[in-house]
Peer 1: 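Okay, handing you the structure first.
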Amino acid sequence: MIDKLNHVITEKSEKIMSNQKVEGFVNTIGGVLCFVGAVVFGIMFIVCGASLMKTGRNYVVKPSAEEEKAAEATSEPAPDEEAATEQSAE
């Protein structure tokens, strides 16, 4: 029963899809859908990219003034240390 039904469906679909007008119509619909999908993707890509650039600044953590001073103090050697290293080099 299922094999007979499968055979009938296959026969009908081959008859329909071998028609040039139907094939052209299906190809045209597929092309239009692809084009519309590409346009929607491009618009969403631009909109979402702009949204991320606008809100992305909120997620960047800037160091506080106290942390910056502490980092500067540890990165720059004290004048006494500079003198000591110069004397030991001579």
Side-chain angles (χ1 to χ4, degrees):
M1 178 73 180
I2 294 176
D3 291 333
K4 185 177 180 184
L5 185 63
N6 192 17
H7 178 68
V8 170
I9 291 173
T10 305
E11 210 174 273
K12 296 280 186 187
S13 65
E14 284 178 5
K15 191 182 293 184
I16 291 172
M17 289 308 293
S18 62
N19 189 346
Q20 292 293 328
K21 290 182 182 178
V22 174
E23 188 177 351
F25 178 72
V26 170
N27 286 341
T28 304
I29 294 297
V32 168
L33 287 176
C34 272
F35 180 74
V36 169
V39 169
V40 169
F41 175 79
I43 291 171
M44 292 305 295
F45 186 80
I46 292 169
V47 168
C48 293
S51 174
L52 281 175
M53 286 192 302
K54 183 178 178 184
T55 61
R57 292 187 212 122
N58 298 335
Y59 300 111
V60 177
V61 179
K62 294 182 180 178
S64 65
E66 294 175 0
E67 290 178 358
E68 286 181 5
K69 288 180 183 177
E72 289 176 5
T74 57
S75 65
E76 296 177 5
D80 295 336
E81 293 177 5
E82 289 178 2
T85 54
E86 289 176 5
Q87 288 176 358
S88 63
E90 293 175 358

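The analysis underlying the following values was restricted to heavy atoms, covering all of them including side chains, and did not include hydrogens, waters or symmetry mates. Being a predicted model, the structure only gives us computed values, none of them experimental.
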Peer 1: Identify the two heavy atoms, one from Ile16 and one from Val22, that lie closest to each other, and give their separation to 0.1 Å.
Peer 2: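 Minimum heavy-atom separation between Ile16 and Val22: O-CB, 3.7 Å.
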Peer 1: Hydrophobic cluster membership, with links at side-chain heavy-atom distances under 4.5 Å among I/L/V/M/F/W/Y: are Leu33 and Phe25 in one?
Peer 2: yes
Peer 1: Look at the side chain of Ser51 and the backbone N and O of Val47, then say whether any donor-acceptor pair between them is shorter than 3.5 Å.
Peer 2: no
Peer 1: Following the transitive rule for hydrophobic clusters with a side-chain heavy-atom cut-off under 4.5 Å over Ile, Leu, Val, Met, Phe, Trp and Tyr, establish whether Val32 and Val40 coincide in one cluster.
Peer 2: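 Same cluster.
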Peer 1: Can you tell me how far OG1 of Thr28 sits from CD of Glu23, rounded to the nearest 0.5 angstrom?
Peer 2: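 Glu23 atom CD to Thr28 atom OG1 measures 10.5 Å (nearest 0.5 Å).
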